[in-house]
Amino acid sequence: MLDIKFIKENKDLVKEAARKKHIDFDVEELLKIDDERLEILASVEDLRNQQNQFSDLITSITDENERKQKIIEMKLIKDKLQDGEEKLREVMQKWQMQMLFVPNVPDVSVPDGESDEDNKEIRVWGEKPNFDFEPRDHVDLMVNLKMVDFERGIKVHGFRGYFLTGDGVRLCFAIWNYALEFFSQKGFNPVIPPMLARSSVCMGTGYLPQGEDDLYKTQDGDYLVGTSEVPLMGMHMNEVIEKSDLPIKYLGFSPCYRREAGSHSKDTKGLIRVHEFYKFEQLVLCEANHEVSVSTHNELNRNTEEFIESLNIPYHTVINCGSDLGLGQVKKYDVELWVPKELKYREISSASYFHDFQTRRLNIRYRDEAGKLQYAHSLNSTAIPTPRILVSLVENFQQADGSIKVPEVLQKYLPDGKAGLGKDFIR
RNA sequence: GGAAACGUGGCUGAGUGGUUGAAGGCACCGCUCUCGAAAAGCGGCAUCGGGGCAACCCGAUCGAGGGUUCAAAUCCCUCCGUUUCCGCCA
């Protein structure tokens with residue numbers, strides 16, 4: 001949510017934001033509703049004022065007849081007031097709905113574009129493997145090594161279902177243990193949050209009202225959310241944070257649930273797109289300062305890049321173009337890992353910042369040096385998602401015989417410190 | 001599943017029909033005092049709308065919405081939220 005004052009004073013910026021993000025939003029319509037709202041508000045407040053003055057007057061009148069006369073006059077005001085309040089309610093409802101759809105203004109460094117094809121590559125790292133054999137895809141490799149079972153996954157869950165089994169599980173635990181250590185060292189406090197969240201929290205983070213189709217909903221009206229960003233942001237909803245506690249840095253670890261509505265024909269095979277997965281997530285609340293947000297954003301993204309570099313998986317980083325940005329995001333980087341069999345990069349991480357878009361909706365504030373309350377800034381970035389990371393990992397580290405070498409940093413987290421999976425890899 | 005209580009500013013907490021935008025306390029900010037800090041004293045300290053260059057002034061707002069009443073933070077209803085008790089399950 002943006003400040004209505006900001007929207008009024010910068011309506012061209014907001015218009016441009018909607019255009020750049022390819023979001024259908026009519027700023028003029030909102031401003032019209034806002035004018036209407038203020039006009040009705042003014043008249044209602046005026047009537048209330050009259051009512052209050054009458055009220056004061058009536059208490060001071062001792063003459064019974066005069067008093068009765070005034071009470072009759074006041075009834076007239078009351079009728080007008082009720083009429084005005086009715087109108088105010090209607091316009092407020094429209095206004096609040098519209099306000100939820102105002103796009104946040106993207107940074108100038110965000111490229112224009114229609115789709116992820118227009119994302120701008122800003123960094124390329126690592127050497128793509130040159131196999132002297134025909135490489136296999138991750139489904140082949142992992143099924144062969146009994147690291148995953150899709151057939152039974154579908155039997156139990158249905159489309160996009162999977163079981164991780166055996167070394168698939170061990171490899172995930174190795175990644176999780178390593179990630180926990182890696183990001184803890186960067187100053188992130190680990191949190192396992194509830195992934196069942198109220199609608200107010202989903203609303204506050206910007207996943208509702210527009211993203212409802214992508215969320216699983218319970219019969220109690222709660223949502224099974226797609227990222228720990230939601231509960232981690234909700235954690236400080238309606239709170240005033242001590243400035244000395246900022247920045248707050250959380251490392252969320254949670255299962256993630258995504259309906260993937262509208263992606264029915266995409267990535268139908270394998271572990272790229274699943275309904276249920278696990279993710280480490282970096283989340284930061286910091287002071288309301290653009291420079292701090294920007295440098296923190298770079299830092300979060302860099303953390304993920306460093307993590308991938310330590311695994312020695314080739315990747316590139318892109319700045320997402322306007323149309324690839326969500327409603328609230330100011331700027332977003334995606335880190336994409338090389339997938340040899342597909343001969344392309346696949347997204348593994350998204351780092352974004354929001355200014356006070358989310359904290360305004362969630363009412364997360366802090367007291368600044370002058371003692372004034374300010375909305376904090378919020379940012380988040382994937383640390384590492386599993387099992388998606390396994391796609392690139394196993395494909396890049398596959399051997400001619402179908403076994404898989406394991407990145408060195410992970411080896412100590414595997415049973416017996418194994419150097420690989422699928423054959424005699426014991427050190 | 002059944003029953004009850006509660007929801008006031010950053011926090012705590014008074015207020016149960018009309019001089020309450022809201023006592024008292026804490027926190028926070030400024031000043032005085034101090035070599036400095038603490039303590040103490042003084043002052044300030046909610047949001048929204050309108051007016052003014054400004055200090056400031058005016059108005060509205062006590063979880064949300066509806067109702068009763070000339071008048072609601074205060075009474076009634078609905079919803080949302082919190083807590084407690086009973087039951088059930090682990």
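First the proteins, then the strands, lettered A, B, ... as listed; each starts at 1. Since this is a predicted model, take the numbers as computed values, not measurements.
Residue-environment remark: CZ (R123(A)) exceeds the threshold of 12 foreign heavy atoms within 6.0 Å. Within 6.0 Å of atom CZ in F173(A), 12 or fewer heavy atoms from other residues, nucleotides or ligands are found, so the atom counts as exposed in its surroundings.
Across all non-hydrogen atoms, the minimal contact from K120(A) to P111(A) is CB-CG, 4.0 Å. M203(A) and L100(A) make their closest contact through SD-CD1, 4.1 Å (heavy atoms, listed as atom of the first residue, atom of the second, distance).
Every residue two or more places apart in sequence or in another chain was checked for a side chain to side chain donor-acceptor pair (under 3.5 Å) with K372(A), and none qualifies. Taking the side chain to side chain donor-acceptor pair (under 3.5 Å) definition, one finds that Y278(A) meets it with nothing, sequence neighbours left out. Applying the side-chain contact (heavy atoms from CB on, under 4.5 Å) rule to D12(A) yields the partners K15(A); only residues at least two apart in sequence or on another chain are considered.
Annotation: proximity of residues 77-94 of chain A to RNA chain B (heavy atom, distance under 4.0 Å) is found for K78(A), R89(A), numbered in ascending order.
Pair check for C11(B) finds G25(B); Watson-Crick or G-U wobble, both atom distances under 3.5 Å. Of the nucleotides present, G67(B) is the one that pairs with C75(B) by Watson-Crick or G-U wobble criteria, both distances under 3.5 Å. Nucleotide U20(B): unpaired (no Watson-Crick or G-U wobble partner with both distances less than 3.5 Å). In this structure A55(B) sits in no base pair that meets the Watson-Crick or G-U test at under 3.5 Å. Under the Watson-Crick and G-U wobble criteria, each requiring two contacts below 3.5 Å, nucleotide C6(B) is paired to G81(B). Nucleotide G1(B) forms a Watson-Crick or G-U wobble pair with C86(B), both donor-acceptor distances falling under 3.5 Å. The partner of U61(B) is A46(B), by the rule that a Watson-Crick or G-U pair needs both atom distances under 3.5 Å.
Here E239(A) lies out of heavy-atom contact (under 4.0 Å) with every strand. Using a 4.0 Å heavy-atom cutoff across all strands shown, I72(A) reaches no nucleic acid atom at all. Residue contacts shown for K5(A) are limited to sugar-phosphate atoms, with no base heavy atom under 4.0 Å away.
Looking at which nucleotide of RNA chain B each of R48(A) and I4(A) is closest to, the 5′-most match is held by I4(A). Looking at which nucleotide of RNA chain B each of A42(A) and I71(A) is closest to, the 5′-most match is held by A42(A).
With both ends at atom C1', the span from U8(B) to G1(B) equals 33 Å, rounded to whole Å. Distance noted for atom P between G7(B) and C58(B): 31 Å (whole Å). Look at the P atom in both A22(B) and A27(B): the space between them is 23 Å, to the nearest Å. Rounded to whole Å, the C1' atom of C62(B) lies 12 Å from the corresponding atom of U47(B). When the C1' atom is used for both G18(B) and C75(B), the distance is 15 Å, rounded to whole Å. To the nearest whole angstrom, the two C1' atoms, one in C26(B) and one in C79(B), are 34 Å apart. Atom C1' of C45(B) sits at a distance of 47 Å from the matching atom of G2(B), rounded to the whole Å. G36(B) sits 28 Å from G25(B) when the P atoms are compared, rounded to a whole Å.
For K94(A) and E29(A), the salt-bridge test fails: no basic side-chain N is under 4.0 Å from an acidic carboxylate O.
Donor-acceptor pairing under 3.5 Å is recorded for the side chains of Q282(A) and N303(A).
Each side chain to side chain donor-acceptor pair (under 3.5 Å) pair with one or both residues in residues 261-271 of chain A, not counting sequence neighbours, appears once here: E260(A)-S263(A), D267(A)-R273(A), D267(A)-R346(A).
Between chain A and RNA chain B, the heavy-atom contact criterion of under 4.0 Å yields a 5' to 3' nucleotide range of G10(B) to U82(B).
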